[in-house]
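Structure record follows, encoded as C-alpha cells.
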Amino acid sequence: MKKRLSRSPILITLVGLLCLLVIGLNTVEYLRGEPFDQGDVMTLVMLFVLALHLFTWGTDFKMAKDEMGKQITHHSATISYHISALGLFVFWIVDRIVFLRKGDFGNITLFAALCFVLVLHPLVQFFVARRYR
C-alpha cells in the first residue's frame, strides 16, 4: 500500500514561495522608484489571508466544517466585528482631528463604513433569528 504525501506542507511551501515572489517583485519596483498601487497592496493582503487560513486549518477541510470549527469561526467572527467597529470609530475620530473637520461628518466614506459596520451585526442577527422561528 502506498503512503500518501500530505498536501499541507507542499501547499504551505507554495504559498510561502508565492509570498516571497510577490514581496520581491514589489521590492524591485520600489527600488526602481515606482510607487505602490492598490493592486500591490491587495495582492499582499490576499496572500497574507491565504497564509493565515492555511496555518489555521491546513488542508483538512473537514476540521473547519465540524462543530468545533464552526464554534471557532463564530467566536472569531464576533471578536472581529467588535474590533472592526472600534477600529473604524478610532480612524474616523483621528481623521476629524488630523484634518480639522468641524461641523460636518468628516470623511463621509469612513463615516458611512462606520455606520454600516455598526448596523451589520444586529441586522444579521435579526435575519438569522427569524430563520429559526
Side-chain angles (χ1 to χ4, degrees):
M1 198 166 169
K2 281 186 171 179
K3 188 176 179 183
R4 266 186 67 190
L5 263 174
S6 175
R7 293 185 305 173
S8 185
I10 295 170
L11 196 56
I12 289 173
T13 303
L14 286 175
V15 169
L17 289 174
L18 188 60
C19 287
L20 286 175
L21 177 70
V22 169
I23 290 170
L25 289 174
N26 285 334
T27 303
V28 169
E29 286 180 8
Y30 178 74
L31 292 175
R32 280 195 229 155
E34 299 174 17
F36 289 119
D37 61 355
Q38 292 91 355
D40 295 333
V41 174
M42 284 304 293
T43 302
L44 288 172
V45 168
M46 294 308 289
L47 284 173
F48 184 66
V49 167
L50 177 63
L52 282 175
H53 182 76
L54 282 174
F55 288 138
T56 303
W57 302 111
T59 55
D60 187 8
F61 301 112
K62 292 179 184 175
M63 186 171 30
K65 301 288 184 198
D66 68 3
E67 193 63 36
M68 185 175 183
K70 288 179 182 179
Q71 186 68 20
I72 291 169
T73 303
H74 171 73
H75 190 67
S76 61
T78 303
I79 292 171
S80 298
Y81 162 76
H82 292 293
I83 291 172
S84 297
L86 180 66
L88 280 173
F89 180 71
V90 168
F91 289 148
W92 180 64
I93 294 297
V94 167
D95 178 70
R96 288 180 56 90
I97 292 170
V98 169
F99 296 108
L100 302 172
R101 300 176 192 217
K102 294 180 181 163
D104 63 350
F105 290 111
N107 184 339
I108 194 71
T109 307
L110 195 55
F111 183 73
L114 173 64
C115 293
F116 175 74
V117 166
L118 291 175
V119 169
L120 183 64
H121 187 64
L123 185 66
V124 170
Q125 276 183 339
F126 171 75
F127 285 114
V128 169
R130 293 205 29 118
R131 202 171 83 184
Y132 286 105
R133 287 184 188 171

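A quick note: this is a predicted structure, and the numbers were derived from the prediction, not measured.
- Note that the NZ atom of Lys70 and the OG1 atom of Thr73 stand 9.5 Å from one another [nearest 0.5 Å].
- Using cut-offs of 30° and 60° on the angle between ring planes, the pair Trp92 and Phe111 is tilted.
- Between the side chains of His121 and Gln125, at least one donor N or O lies within less than 3.5 Å of an accepting N or O.
- Residues Ile83 and Phe91 fall into different hydrophobic clusters, defined by Ile, Leu, Val, Met, Phe, Trp and Tyr side chains chained together at heavy-atom separations under 4.5 Å.
- Each of Val45 and Leu18 belongs to its own hydrophobic cluster when Ile, Leu, Val, Met, Phe, Trp and Tyr are linked at side-chain heavy-atom distances under 4.5 angstrom.
- Linking Ile, Leu, Val, Met, Phe, Trp and Tyr whenever their side-chain heavy atoms come within less than 4.5 Å leaves Leu110 and Val90 in two separate clusters.
- Between Leu25 and Leu21 the shortest side-chain heavy-atom distance falls below 4.5 Å.
- In the hydrophobic cluster analysis, where Ile, Leu, Val, Met, Phe, Trp and Tyr join through side-chain heavy atoms closer than 4.5 angstrom, Phe99 is grouped together with Val94.
- Listed here is the closest heavy atom pair of Pro35 and Asp40: O-OD2, 4.4 Å.
- The minimum heavy-atom distance linking Tyr81 with Leu118 is given by the pair OH-O, 3.3 Å.
- Within a 6.0 Å sphere centred on CZ of Phe36, other residues, nucleotides and ligands contribute more than 12 heavy atoms.
- Just one of Leu47, Leu17, Thr27 meets the side-chain contact (heavy atoms from CB on, under 4.5 Å) condition when paired with Val22; it is Leu47.
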(message) Does Val117 form a side chain to side chain contact (heavy atoms under 4.5 Å, CB included) with Leu120? I'd like the steps, not just the answer.
(response) CA-CA 5 Å; Val117 166; Leu120 183 64; 5.6 Å; no
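- Note: Asn26 CG to Glu34 CD = 10.0 Å, rounded to the nearest 0.5 Å.
- In plain terms, the two heavy atoms of Gly39 and Thr43 that are nearest each other are O-OG1, 2.7 Å.
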